[in-house]
Amino acid sequence: MIFSTFEHILTHISFSMVSVVITLHLITLLVNEIVGLYNSFEKGMIVTFYCITGLLVTRWIYWKHFPLSNLYESLIFLSWSFYIIHMIPYFKKQKKNLSAIIAPSAIFTQGFVTSGLLHQSAILVPALQSQWLMMHVSMMVLGYAALLCGSLLSVALLIITFQKGIIFDKRKHLLTESSFFGEIQYINEKSNILQSASPLYVRNYYRSQLIEQLDHWSYRVISLGFIFLTIGILSGAVWANEAWGSYWNWDPKETWAFITWTIFAIYLHIRTNKNLHPANSAIVAFIGFLIIWICYFGVNLLGIGLHSYGSFTLTLN
């Protein structure tokens, strides 16, 4: 009873914090000069992250299994994963550009899952009563989160690339990669040239810098997500063999997971070709973004296949 009450309290706190954070995020996007407001937004993100962490731990203790038994819990875990990816560049002082793209994913996912429209009990069906639950599902959801974030960065890259009036020249890229998210180091001797250049040149220069950053970040995040997805698929195959006597059953969920893996394998292959513009691999990442949501929600919405235990019903309170 205590854990159940605590869970409800954390859910309401999380939803309230998300509402505040959404408001702050919209304001900071419109008014960049208010530094204190941006810091409040980041602190709100951290508080919400701790609330979600507490919510997951509470459900783990109360239901006596890792909280990934249904869509409600997996969405909480997905939102928690988004916050983790958001926190890494925050503590590395690479905040604003990445935050503006990834933060909304965490905010709106958590806002939906804690709104009260979606809820299920956490009673395990027999197929999920296995030690593989934590390994397989956590790796898959972490993989989805990283791939979605990396794909969003690629979508931002495409928007900037195909924006009217931009001219790019690879010889103007003056970046060095010195950290996981590609810390930007501007070459000092080029500063005078930029100051004396035309406004169009300067604008295109900094946009080319941003495209370079987004390409670097998306590649790193997608590579991490691809590793998680690979581990999740392999562990799922072992679990399927134990539960159903076959490593692969061409279940709809398995098929779409394999399609997702193939799409991002193609992305990584294209990305290694330095002669191609980053937009080429970004287009593949955008396709992968759509495929992930089909894989993640498709089976749950239709309620078909061996993974149909994850389907859900909306309940209006």
Side-chain angles (χ1 to χ4, degrees), residues 11 14 48-49 51-60 63 65-88 102-114 118-120 122 124-125 127-152 221-240 251-261 263-264 285 288-301 305-312:
T11 300
S14 297
T48 307
F49 168 74
C51 289
I52 299 172
T53 303
L55 180 60
L56 287 171
V57 172
T58 301
R59 288 185 69 87
W60 192 351
W63 293 102
H65 64 76
F66 196 69
L68 280 172
S69 63
N70 53 51
L71 187 61
Y72 171 75
E73 292 179 343
S74 70
L75 277 171
I76 296 177
F77 193 83
L78 180 67
S79 178
W80 181 82
S81 303
F82 284 145
Y83 278 99
I84 286 289
I85 297 173
H86 171 81
M87 291 299 143
I88 293 175
I102 295 180
S105 302
I107 293 170
F108 289 112
T109 303
Q110 183 62 19
F112 172 71
V113 76
T114 58
L118 176 65
H119 186 75
Q120 286 185 350
L124 282 178
V125 298
L128 294 178
Q129 296 176 4
S130 170
Q131 68 273 16
W132 287 101
L133 173 66
M134 181 188 299
M135 177 67 177
H136 169 60
V137 185
S138 63
M139 288 296 100
M140 293 298 293
V141 176
L142 284 172
Y144 290 154
L147 293 174
L148 287 170
C149 289
S151 298
L152 284 175
V221 177
I222 287 177
S223 297
L224 180 63
F226 186 78
I227 293 173
F228 283 138
L229 184 65
T230 303
I231 296 174
I233 291 175
L234 293 176
S235 60
V238 176
W239 187 9
D251 179 71
K253 194 82 167 182
E254 296 174 351
T255 303
W256 281 104
F258 176 72
I259 294 174
T260 303
W261 186 91
I263 291 294
F264 284 101
F289 177 82
L290 300 177
I291 295 297
I292 289 174
W293 286 115
I294 294 174
C295 177
Y296 187 72
F297 276 113
V299 174
N300 300 91
L301 291 173
L306 297 172
H307 292 79
S308 59
Y309 47 76
S311 60
F312 69 93

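Every value quoted in this text rests on a predicted model; they were computed, and no experiment measured them.
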Give the C-alpha distance, both sets of side-chain angles, the deciding distance and a yes or no for side chain to side chain contact (heavy atoms under 4.5 Å, CB included) between F258 and I233.
-> CA-CA 8 Å; F258 176 72; I233 291 175; 5.7 Å; no
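- Side-chain contact, Y296 with S74: a donor N or O sits under 3.5 Å from an acceptor N or O.
- Note: F49 and W80 have parallel aromatic rings, judged against thresholds of 30 and 60 degrees for the angle between ring planes.
- Note that CG of L229 and CD1 of I292 are 8.0 Å apart. Values are rounded to the nearest 0.5 Å.
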Report the C-alpha separation of W261 and T230 in whole Å, then their side-chain angles, then the decisive distance to 0.1 Å, and conclude whether the side chain to side chain donor-acceptor pair (under 3.5 Å) test is met.
-> CA-CA 7 Å; W261 186 91; T230 303; 2.9 Å; yes
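- Checked by atom type and distance alone, the side chain of S151 pairs as donor or acceptor with a backbone atom of A285 at under 3.5 Å.
- Residues F82 and A145 come closest through the heavy atom pair CE2-O, 3.5 Å.
- Atom CD1 of residue I259 and atom CD of residue E254 lie 12.0 Å apart, to the nearest 0.5 angstrom.
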Verdict with supporting geometry, L68 and S138, side chain to side chain contact (heavy atoms under 4.5 Å, CB included) = CA-CA 7 Å; L68 280 172; S138 63; 3.9 Å; yes
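- Listed for the S79 side chain is no donor-acceptor partner under 3.5 Å among the backbone atoms of L75.
- Contact record, C149 with V221: CB-CG1, 4.2 Å, taken as the closest heavy-atom pair.
- Nearest heavy atoms, A257 versus M140: CB-CE, 4.2 Å.
- Atom CG in L142 sits 12.5 Å away from atom CD1 in I227 (nearest 0.5 Å).
- For the atom pair OG (S235) and CH2 (W132), the distance works out to 6.5 Å, reported to the nearest 0.5 Å.
- Distance OG1/T260 to OH/Y144: 6.0 Å, rounded to 0.5 Å.
- Closest heavy-atom contact between I85 and A146: CD1-CA, 3.6 Å.
- To the nearest 0.5 Å, atom CG of residue L56 and atom CZ of residue F66 are 7.0 Å apart.
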